[in-house]
Amino acid sequence: MRSTEELIASLTTGLQPVRRLKPPALRALGWILLATALIAVLVLLRGFRADIADCVRDPAFLIQLAGAWLTGMAATIAAFEVSLPDRARGWLLLPLPFAAFWLSGFAYGCLADWVAIPAGAPVVPDSVRCLETLVMASLPLGLVLWIMLRRARPLRPAATAWIGALAVAAFADTAHLLIHVVEASALVLVINLVPVTLILLLGGLLGRRSLAVAR
Amino acid sequence: MSREPSKDWAGLMAAAQDGDAKAYAALLSAITPYLRAVARRAGLESDEIEDGVQDILLTVHSIRQSYDPRRPFAPWLLAVARHRLIDRLRRRGRLRLRETELTAFHETFVADETNLPEENGEIRRLKKAIADLPPGQRQAVELLRLQELSLKEAAARSGQSPSALKVALHRALRRLRILMPRS
C-alpha cells in the first residue's frame with residue numbers, strides 16, 4: 001500500500017482544471033425544457049388525440065395529465081439534487097404527491113367506468129402506435145438524462161437512477177396522454193401502464209449500475 | 001480529536017477546480033487528519049483507517065467538479081466521506097458473514113505430508129500394521145472391513161469359508177488392538 005502522502009502527490013501532479021457543474025435546479029430546468037420540446041415535436045408529428053377538445057373539459061383527464069407532467073418535473077429536480085453527495089435524500093419524496101394524481105388517473109379510469117374493448121376495434125395497430133410514441137419519447141430523454149446525471153458521478157447511483165427513470169416515464173406518458181386515445185380500460189393498463197412501468201424498471205435497473213462510476 | 005474544518009477549504013477547493021495544483025495539495029494534506037478522525041469515529045479499525053482515508057481522497061478527486069464553491073466545503077466533504085465509509089463498512093460486514101479469518105490453528109506447511117491425512121501418523125501406522133498381518137488375516141480385514149463386503153461376498157472373492165473368514169477377522173482385530181493400543 002502506498003502512503004497517503006504519495007497518493008496526494010500523484011493526485012496533484014498534472015492537475016487539470018475541471019468544469020464545475022451548474023446548480024442542480026438549472027440543470028434540471030435544461031432537461032425539462034428539452035423534454036417539453038420533444039413532447040411538442042411528437043405532438044406536431046403525430047397530432048393531438050382526436051378527442052382533445054372534450055378532454056380539456058374533463059377534470060379527470062386534466063388531473064392525470066398535470067399529474068404526469070408535474071411528476072416528471074419534480075422527479076427531474078430530485079434526480080439532479082440526489083446526484084450530488086451533499087444534498088438531502090428527502091428530495092426523493094418530491095414527486096410522490098404528483099405521482100399520486102398521475103396514477104389516480106389509471107385507477108379512476110378502471111374503477112369508475114370500466115370500458116370494454118369495442119368489437120372490431122383496431123387494437124393491434126393502435127397499440128403499436130402507442131408503444132412507438134412511448135419509445136420515441138423515452139429513449140432520447142433517457143439517454144440525455146443519463147449523460148447529464150453521469151457527469152455528477154453520483155455516490156447514490158441507485159436512488160439517482162430510479163428517480164431519473166421516473167422522470168423519463170412520466171414525460172413519456174405525458175406525450176402519450178396528449179397523442180393517443182385509449183378508451184378501453186384493459187388497453188389503458190396493457191399499452192400504457194405496463195410500458196410506463198417497464199420504462200421505470202429498465203431505467204432504474206440499467207441506470208443504477210451504469211451511473212456507479214468506478215473510482 | 002478532529003480539528004475544526006478550516007474556513008478556507010472552500011477557497012482552496014475552488015482554486016483546485018481551476019487547476020491550481022499547489023492549492024489542491026494544501027487542501028488534501030489539510031483534510032487528511034480530519035478524515036482520519038472521521039474514519040475512526042465511523043468505527044474503522046486502525047489498520048483500515050489509512051485505506052479508508054485514501055478511498056475518500058480518491059473519491060473527492062473523481063467528483064471534484066460536483067462541488068459548488070458558493071456552498072460550504074465541510075458538509076460536502078463529510079457527505080463524500082460518509083458514503084465511502086458506509087460502503088467500506090458494508091463490504092466488511094458482508095465479508096465477515098461468509099469468511100473466517102485464518103488462525104494459527106489453520107496454518108499448515110506446504111509439504112504434502114502435513115496436508116494429506118492418510119500420510120499422517122496414526123493412519124500410516126495402522127496401514128503398516130495391517131500390511132504386517134499374516135496373509136489370511138490381512139485378506140479378511142481388507143475384504144470385510146476396508147471394502148465392507150458381506151461375509152458371503154468376501155467368501156466368494158477369497159475362496160475361504162465364511163466361518164474361516166470370521167475367525168481370521170477376529171484374530172486380525174485382536175492382533176491390531178495389541179499393536180495399536182488406545183492412547
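Just so we're on the same page: letters track the sequence lines, and every chain starts at 1.
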Is it the backbone or the side chain of B:D20 that comes under 4.5 Å from a heavy atom of chain A, or both, or neither? backbone
In terms of heavy-atom proximity below 4.5 Å to chain A, should B:R82 be classed as side chain, backbone, both, or neither? neither
Would A:F101 and A:W69 count as a close aromatic pair, with their ring centres under 6.0 Å? no
I'd like to know whether the aromatic ring centres of A:W31 and A:F171 sit less than 6.0 Å apart in this structure. yes
Do you see a donor-acceptor pair shorter than 3.5 Å between the side chains of B:Q17 and A:R20? yes
So what's closer than 4.5 Å to chain B heavy atoms on A:L11: side chain, backbone, both or neither? both
Is B:R96 reaching over with its side chain to a backbone N or O of B:G93, donor-acceptor style, under 3.5 angstrom?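 Not confirmed, B:R96 side chain does not pair with B:G93 backbone.
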